[in-house]
Amino acid sequence: MNPPRIAKDKGATLPGTLHAFLEAAPDGIVLVDGHGRITVVNRRAEEMFGYERAELIGQEVEILVPVRLRGPHAEYRDRYSIDPRPRPIGQGQALAGRRKNGTEFPVEISLSALETQDGRQVISIIRDITDRREAERQLQASLREKEVLLKEIHHRVKNNLQVTSSLLRLQSGTIQDERAREALAESQHRIRSMALVHEKLYRSRDLARVDLLDYTRSLATLLMSSLGTDERLITLTVVGNPVFLGVDAAIPCGLIVNELLTNCLKHAFPPGKKGEIEARIMTLGNAPDGNRFLLSVRDNGVGMPGDVDARKEETLGLRLVSTLVDQLHGTLEVERGPREEPAEASRPGTEFRVFFSEART
């Protein structure tokens, strides 16, 4: 029977069972003595680094480390000898090994102390992660391609919606009937509110979710400008916390905000009168079917007549709000009357509150 190869290497003496384990290991294994010199290498380490084990036994372990990293590695080795606990090294760092031919390759390394008849050894388990890094690189490249494609889709959808809005604006210029022109203008605002969702997605790092609070602020500015609202008279504020929604929830929410803000800006205040509008976006906590949110719009204007049912109102805007709330599987509440100050009794105002959840995926 041929003697174990380790006996010819004049390195550390290991029990036969341990030697067999090292030779069968799928990772490279290198034992280093207290002076930083290699005493044992297994077959996989030979293959990985391109050395015969006889070339490595007795060499400083830094022979396996890229030249630029040898100084720091020696310092780390000295520190490890003070507290030789099992641990991975270089977590969060890009570690590299150096082959005999000078080429480098990415590795993962775990260290632990091992007591042998020749004294304490440090055992290094080394894994070549070249294939994993290449797979990660290809995955990142694929993700970047998909991000570019998704951005382009959002950009084109936004542009197409803006073109549609422009066509409606041009069409309204040829119509004499005031009610028809107003209907076209309202359709323009709805289309622009949808286009704004895609613009936010296009400009965001997260291509799948929209911050409803940021979106509402942008939409409020857009509506104030497009409706010619006098900011010296009407104050519109948006408060709350960031609420990130997927496209399926963001678009109906955007349309709801558009309808409610438009309704306030157009109908809540008589000409020349001052007023306040507040939109609020809040997370209310977790629910079994997903996060629970509140979207509310209130004003201190003339208020809605008490006999008007927002869910059965014949105006397209309120019917659209009701339909969109149902689409979100939410609930709609309408509160009329002063909220806090008795002095507001002459200007009761109205608040629309939409409660909804976004289902977890």
Side-chain angles (χ1 to χ4, degrees), residues 157-158 161 165 182-183 185-201 209-224 226-227 229 234 236-268 276-284 287 289-299 301 303-304 308-336 349-359:
V157 170
K158 179 203 72 173
L161 288 169
S165 177
E182 184 176 343
E186 290 176 352
S187 295
Q188 273 185 267
H189 294 151
R190 292 169 186 134
I191 291 171
R192 289 171 69 182
S193 73
M194 290 188 288
L196 185 59
V197 170
H198 291 281
E199 181 177 359
K200 290 292 183 182
L201 288 169
R209 304 183 77 75
V210 176
D211 179 358
L212 185 59
L213 182 66
D214 175 66
Y215 169 88
T216 301
R217 288 186 173 128
S218 297
L219 183 59
T221 300
L222 184 65
L223 288 173
M224 291 278 283
S226 62
L227 292 173
T229 304
I234 306 301
L236 198 167
T237 57
V238 180
V239 299
N241 61 270
V243 169
F244 292 89
L245 302 175
V247 178
D248 289 345
I251 287 180
C253 281
L255 287 168
I256 290 171
V257 171
N258 177 81
E259 297 303 321
L260 295 179
L261 289 181
T262 299
N263 187 61
C264 289
L265 292 169
K266 292 177 65 175
H267 305 299
E276 297 177 0
I277 302 170
E278 179 188 89
R280 182 178 297 270
I281 309 295
M282 293 184 62
T283 303
L284 300 179
D289 57 343
N291 289 325
R292 187 77 172 161
F293 305 112
L294 166 66
L295 185 168
S296 73
V297 174
R298 71 179 180 91
D299 64 75
M304 289 178 59
V308 171
D309 185 343
R311 300 190 66 88
K312 298 179 180 179
E313 178 60 23
E314 294 183 358
T315 63
L316 177 59
L318 291 180
R319 282 194 287 121
L320 182 57
V321 168
S322 179
T323 299
L324 293 167
V325 170
D326 290 340
Q327 183 177 326
L328 290 169
H329 303 291
T331 57
L332 173 64
E333 296 180 358
V334 182
E335 182 174 326
R336 303 172 176 86
T350 306
E351 179 175 12
F352 287 83
R353 292 190 292 266
V354 177
F355 299 90
F356 68 99
S357 301
E358 185 181 31

Legend entry - R319 backbone acceptor or donor facing S322 side chain under 3.5 Å: no
Legend entry - L196 side chain near Y215 side chain, heavy-atom distance below 4.5 Å: yes
Legend entry - Nearest heavy-atom neighbours spanning A195 and K158: O-CG, 3.6 Å
Inset, instruction - For atom CG of N241, decide whether the heavy atoms of other residues, nucleotides or ligands shown that lie under 6.0 angstrom number more than 12. - result: yes
Legend entry - Spacing of L332 atom CG and T323 atom OG1 [to the nearest 0.5 Å]: 11.0 Å
Legend entry - Within-4.5 Å side-chain heavy-atom neighbours: E335 and E333: no
Inset, instruction - Kindly compute the distance separating NZ (K266) from CD (E186), expressed to the nearest 0.5 Å. - result: 4.0 Å
Legend entry - Approximate separation, where rounding is to 0.5 Å, of F352 CZ and N263 CG: 6.0 Å
Legend entry - Test item: K200 and D211 side chains (from C-beta on) under 4.5 Å apart, heavy atoms: no
Inset, instruction - Show your working on side-chain contact (heavy atoms from CB on, under 4.5 Å) between D299 and I277 and close with a plain yes or no. - result: CA-CA 4 Å; D299 64 75; I277 302 170; 4.1 Å; yes
Legend entry - Heavy-atom check, side chain of S226 versus side chain of Q188, under 4.5 Å: no
Inset, instruction - Would you check, one step at a time, whether the test side-chain contact (heavy atoms from CB on, under 4.5 Å) holds for V257 with S193? - result: CA-CA 9 Å; V257 171; S193 73; over 6 Å; no
Legend entry - Exercise: identify the closest heavy-atom pair between G240 and M282: CA-CG, 4.4 Å
Inset, instruction - To the nearest 0.5 angstrom, please state how far the CG atom of L213 sits from the CZ atom of R280. - result: 10.5 Å
Legend entry - Pairwise side-chain contact, V247 with V210, heavy-atom cut-off 4.5 Å (strictly under): no
Legend entry - Considering all heavy atoms, the nearest P252-L328 contact: CG-CD2, 3.8 Å
Inset, instruction - Answer whether the closest heavy-atom distance between the side chains of T216 and L295 falls below 4.5 Å. - result: no
Legend entry - Heavy-atom pair with the smallest gap, counting every atom of L255 and R190: CD2-O, 3.6 Å
Legend entry - Closest non-hydrogen atom pair, F356 against C253: CZ-SG, 3.4 Å
Inset, instruction - Supply the atom-to-atom distance R217 CZ to T237 OG1, rounded to the nearest 0.5 angstrom. - result: 9.5 Å
Legend entry - Any H198 side-chain heavy atom under 4.5 Å of I251 side chain: yes
Legend entry - Closest non-hydrogen atom pair, V297 against C264: CG1-SG, 3.8 Å
